[in-house]
Amino acid sequence: MQIAEQRQDGVDVIAPSGRIDTTTVGALDARLAPLLAAECPRVVIDFSGVDYISSAGLRLLLLAARRVQSTGGALVLCALGE
C-alpha cells in the first residue's frame, strides 16, 4: 500500500492506494495518528485508490472518527467504492 499526503487550505488529505488489511493498517495508522493528534484536526481520506479494506481497516476508521469527534475536528471519507 502507498499513501499520498497533502495539505490544502488547512485540511490534511490522505490518499491510500492498494489494500488496507492487517498487514498494511499499521502504516495508515502511523500516518493518521499525528494528524488526528492536532488540537482540532481536519482530515479527508480519499479511498479512490483502495481496492479492499478489511475489518482491521474499518476498525481504524471507527477509532479515528471517535478521536476526531472528541476534539471537535472533522474526518471526511470520500470516493468510497462499492
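- The shortest side-chain heavy-atom distance between Pro41 and Leu35 does not fall under the 4.5 Å cut-off.
- Residue pairs meeting the salt bridge (Lys or Arg N to Asp or Glu O under 4.0 Å) criterion with at least one member in residues 13-40, sequence neighbours excluded: Glu5-Arg31, Arg19-Asp21.
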For a quick test of your reading: what N or O donor-acceptor pairs under 3.5 Å do the side chains of residues 62-81 make, sequence neighbours left out?
| residue | atom | partner | partner atom | Å |
| --- | --- | --- | --- | --- |
| Ser70 | OG | Arg67 | O | 2.8 |
| Thr71 | OG1 | Val68 | O | 2.9 |

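- Inter-residue side-chain proximity for Ile45 and Leu28 is flagged as unmet; no heavy-atom pair is nearer than 4.5 Å.
- Identified under the salt bridge (Lys or Arg N to Asp or Glu O under 4.0 Å) test for residues 40-63, with sequence neighbours left out: none.
- The hydrophobic clustering, which links ILVMFWY residues whose side-chain heavy atoms are closer than 4.5 Å, places Val44 and Leu58 apart.
- Clustering ILVMFWY residues whenever any of their side-chain heavy atoms sit less than 4.5 angstrom apart, transitively, puts Val13 in a cluster other than the one holding Phe47.
- Between Met1 and Ala27 the shortest heavy-atom distance is CE-CB, 4.2 Å.
- Within the 4.5 Å cutoff, no side-chain heavy atoms of Ile20 are placed close to those of Leu60.
- Connection of Ile3 to Leu32 is established within a shared hydrophobic cluster, with ILVMFWY side chains joined at heavy-atom distances below 4.5 Å, either directly or through further cluster members.
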